[in-house]
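Computed from a predicted structure; not experimentally measured.
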Amino acid sequence: MKIISLNVGMPVTALYRGKSLETGIYKSPVVGPVHVSAGGLTGDGQADLVNHGGPDKAVCVYPSEHYAYWEEWLGKKLDYAAFGENMTTAGLLETEVCIGDIYEIGGALLQVSQPRYPCFKLSQKHGPADMPAQVLKTGFSGFYFRVLREGELASGSSVVKISSGDGGVPVSRVLHMMEAGRGDKRGLEELVRLSSLSSVVRLKFQKWLDGAE
């Protein structure tokens with residue numbers, strides 16, 4: 001398991017459906033070590049601080065294994081960081097990576113906190129209006145790390161699993177619950193007890209559970 005590409009970028013202004021849009025999805029690979037802290041990578045930023053960034057979403061990860069699918073689906077070659085991810089990785093799939101898993105990468109210690117839920121900015125960047133829906137259909141979402149110990153990391157850094165999250169709940173299952181779990185009382189009860197799941201997602205699930213009750 002390793003980082004294939006480490007990517008950063010500050011928000012830019014882009015056009016979407018004839019209107020200006022501030023977005024942080026446009027990132028580029030960087031060479032050499034980059035410092036990562038609870039606030040994310042040095043030189044990186046987000047435009048929508050409600051839905052992106054913060055301690056539970058400090059680093060966005062996307063598996064390189066999904067690129068071939070999207071290149072065929074979109075009909076074009078994709079450069080790394082095509083999904084606005086900070087880390088393009090090898091060996092970290094959503095069906096295998098679990099909430100709460102802890103990894104040592106370079107000098108940093110990172111913990112899986114939640115899936116990356118797709119939004120319309122993928123459509124703005126790549127074109128198809130149904131791209132977020134296709135992400136949900138495939139489960140090729142990516143996920144977020146929180147930073148437990150800050151440090152330096154770089155493209156090529158090995159990703160070493162230190163410990164497994166309690167409950168063994170894969171990222172893919174949480175993504176499915178975020179999309180279609182409103183009526184799944186048993187599943188919601190399990191996930192609201194998962195302390196390593198990001199607080200925003202647990203609150204969302206708790207509200208759904210309260211509504212069901």
Visitor: Give the intermediate values and the outcome of side-chain contact (heavy atoms from CB on, under 4.5 Å) for residues Gln206 and Asp210.
Guide: CA-CA 6 Å; Gln206 184 63 60; Asp210 292 343; 2.8 Å; yes
Visitor: Locate the shortest heavy-atom distance separating Ala38 from Ala58; write the atom from each residue and the value.
Guide: O-CB, 3.5 Å
Visitor: Answer yes or no: are there more than 12 heavy-atom neighbours, outside Tyr80 itself, under 6.0 Å from its atom OH?
Guide: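 Counting neighbours around OH of Tyr80, 12 or fewer heavy atoms of other residues, nucleotides or ligands fall under 6.0 Å, so no.
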Visitor: Could you check if a side-chain atom of Arg182 sits within less than 4.5 angstrom of a side-chain atom of Trp208, using non-hydrogen atoms only?
Guide: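 Yes, at least one pair of side-chain atoms sits under 4.5 Å.
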Visitor: Hey, does Leu175 have a side-chain heavy atom less than 4.5 Å from the side chain of Tyr117?
Guide: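 With C-beta onward as the side chain, the pair touches.
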Visitor: Taking all atoms of both residues into account, what is the closest heavy-atom pair of Pro118 and Pro132, and its distance?
Guide: CG-O, 3.5 Å
Visitor: Passes side-chain contact (heavy atoms from CB on, under 4.5 Å), Leu122 versus Val135? Steps please.
Guide: CA-CA 10 Å; Leu122 289 171; Val135 170; 4.0 Å; yes
Visitor: Among the clusters formed by ILVMFWY side chains lying less than 4.5 Å apart, do Leu78 and Met131 turn up in the same one?
Guide: yes
Visitor: Tell me whether Lys27 is salt-bridged to Glu85, with the criterion being a basic N under 4.0 Å from an acidic carboxylate O.
Guide: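 No, this pair does not count.
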Visitor: So does Lys2 have more than 12 non-hydrogen atoms from other groups sitting under 6.0 Å from NZ?
Guide: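 No, not enclosed.
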Visitor: Would you say the side chain of Val174 lies within less than 4.5 Å of the side chain of Phe205, judging by non-hydrogen atoms?
Guide: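 They are in contact (side-chain heavy atoms under 4.5 Å apart), so the answer is yes.
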Visitor: What distance separates Glu22 CD from Met10 CE, expressed to the nearest 0.5 Å?
Guide: 11.0 Å
Visitor: Can you tell me how far apart NZ (Lys121) and NE2 (His126) are? Round to the nearest 0.5 Å.
Guide: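 One gets 13.5 Å once the value is rounded to the nearest 0.5 Å.
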Visitor: Closer than 3.5 angstrom, by distance alone: can the side chain of Ser158 be matched with the main-chain N or O of Val160 as a donor-acceptor pair?
Guide: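 Absent.
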Visitor: Is there a side-chain contact between Ser163 and Ile102 in this structure, where contact means two heavy atoms from C-beta onward sitting under 4.5 Å apart?
Guide: yes
Visitor: Are Glu65 and Leu93 close enough that some pair of their side-chain heavy atoms sits under 4.5 Å apart?
Guide: yes
Visitor: Asp101 versus Gln111: any side-chain heavy-atom pair under 4.5 Å?
Guide: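 No, their side chains stay 4.5 Å or more apart.
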Visitor: To the closest 0.5 Å, what do you measure between OG (Ser141) and CD (Glu179)?
Guide: 11.0 Å
Visitor: State, with a plain yes or no, whether a side-chain heavy atom of Asn86 is found less than 4.5 Å away from one of Asn7.
Guide: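 Heavy-atom side-chain distance check fails, nothing below 4.5 Å.
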Visitor: Would you say the side-chain atoms of His66 and Glu94 include a donor-acceptor pair closer than 3.5 Å?
Guide: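 Yes, Glu94 and His66 have a side-chain donor paired with an acceptor closer than 3.5 Å.
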Visitor: How long is the span from the SG atom in Cys60 to the CG atom in Asp44, to the nearest 0.5 Å?
Guide: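 It is 9.5 Å, given to the nearest 0.5 Å.
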Visitor: With the side chain counted from C-beta on, respond yes when Val112 and Tyr144 share a heavy-atom pair under 4.5 Å apart, and no when they do not.
Guide: no
Visitor: Between Tyr62 (side chain) and Phe140 (backbone), is there a donor-acceptor pair under 3.5 Å?
Guide: yes
Visitor: Going hydrophobic residue to hydrophobic residue with side-chain gaps under 4.5 angstrom, can you get from Met1 over to Ile105?
Guide: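 Yes, because Met1 and Ile105 connect within a single hydrophobic cluster, where side-chain heavy atoms sit under 4.5 Å apart.
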Visitor: Glu150 vs Ser37, test: side chain to side chain donor-acceptor pair (under 3.5 Å). Steps then yes/no.
Guide: CA-CA 5 Å; Glu150 62 182 75; Ser37 66; 5.1 Å; no
Visitor: Under 6.0 Å between ring centres, would you say that holds for Tyr67 and Phe83?
Guide: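 Close enough - the centres of the two rings lie under 6.0 Å apart.
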Visitor: Using the rule that Ile, Leu, Val, Met, Phe, Trp and Tyr join whenever any side-chain heavy atoms are under 4.5 Å apart, tell me whether Leu203 and Leu188 fall into a single cluster.
Guide: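 No; tracing contacts between hydrophobic side chains, which count when under 4.5 Å, never links both residues.
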Visitor: Say whether Met177 and Leu136 are linked into one hydrophobic cluster, either directly or through other cluster members, by side-chain heavy-atom distances under 4.5 angstrom.
Guide: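 As far as the 4.5 Å side-chain criterion goes, Leu136 and Met177 are connected within one cluster.
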Visitor: Between the side chain of Thr138 and the main-chain N/O of Gln134, is any donor-acceptor distance below 3.5 Å?
Guide: yes
Visitor: side-chain contact (heavy atoms from CB on, under 4.5 Å), that's the test. Do Ser155 and Leu6 meet it? Break it down for me.
Guide: CA-CA 5 Å; Ser155 295; Leu6 189 66; 3.6 Å; yes
Visitor: Looking at Gly142 and Val171, what are the two nearest heavy atoms and their distance?
Guide: O-CG1, 4.0 Å
Visitor: Indicate the atoms forming the closest heavy-atom contact of Lys125 with Lys76, along with that distance.
Guide: O-NZ, 4.3 Å
Visitor: Would you name the heavy atoms of Val34 and Val30 that are closest together and state the gap between them?
Guide: CG2-CG2, 3.8 Å
Visitor: Taking the side chain from Asp184 and the backbone from Gly187, do they hold a donor-acceptor pair closer than 3.5 Å?
Guide: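 Here the side-chain-to-backbone pair exists.
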Visitor: Tell me whether Ser123 contacts the main-chain N or O of Pro128 through its side chain, where contact means a donor paired with an acceptor under 3.5 Å.
Guide: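 Yes, because the side chain of Ser123 sits within donor-acceptor range (under 3.5 Å) of the backbone of Pro128.
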Visitor: Output the distance between atom CG (Leu109) and atom CD (Glu104), rounded to the nearest 0.5 Å.
Guide: 6.0 Å
Visitor: Hey, does the side chain of Ser64 reach the backbone of Thr89 with a donor-acceptor pair shorter than 3.5 angstrom?
Guide: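 Present.
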Visitor: To check you understand the geometry: which heavy-atom pair defines the closest contact between Val8 and Thr42, and what is its length?
Guide: CG1-O, 3.9 Å
Visitor: Could you point out which residue of Leu110, Leu92, Val159, Val36 forms a side-chain contact (heavy atoms from CB on, under 4.5 Å) with Met87?
Guide: Leu110
Visitor: Measure the CD1-OG distance between Ile3 and Ser157 for me, rounded to the nearest 0.5 Å.
Guide: 4.5 Å
Visitor: Hydrophobic clustering (ILVMFWY, side-chain heavy atoms < 4.5 Å, transitive) - are Val61 and Leu148 grouped together?
Guide: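 Different hydrophobic clusters.
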Visitor: I'd like to know if the side chain of Arg149 and the backbone of Gly107 have a donor-acceptor N/O pair within less than 3.5 Å.
Guide: yes
Visitor: Could you go step by step and tell me if Leu209 and Glu189 meet the side-chain contact (heavy atoms from CB on, under 4.5 Å) rule?
Guide: CA-CA 7 Å; Leu209 189 59; Glu189 287 175 340; 3.7 Å; yes
Visitor: Among Arg146, Arg202, Gln114, which one satisfies side chain to side chain donor-acceptor pair (under 3.5 Å) with Asp56?
Guide: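 Option passing the side chain to side chain donor-acceptor pair (under 3.5 Å) with Asp56: Arg146.
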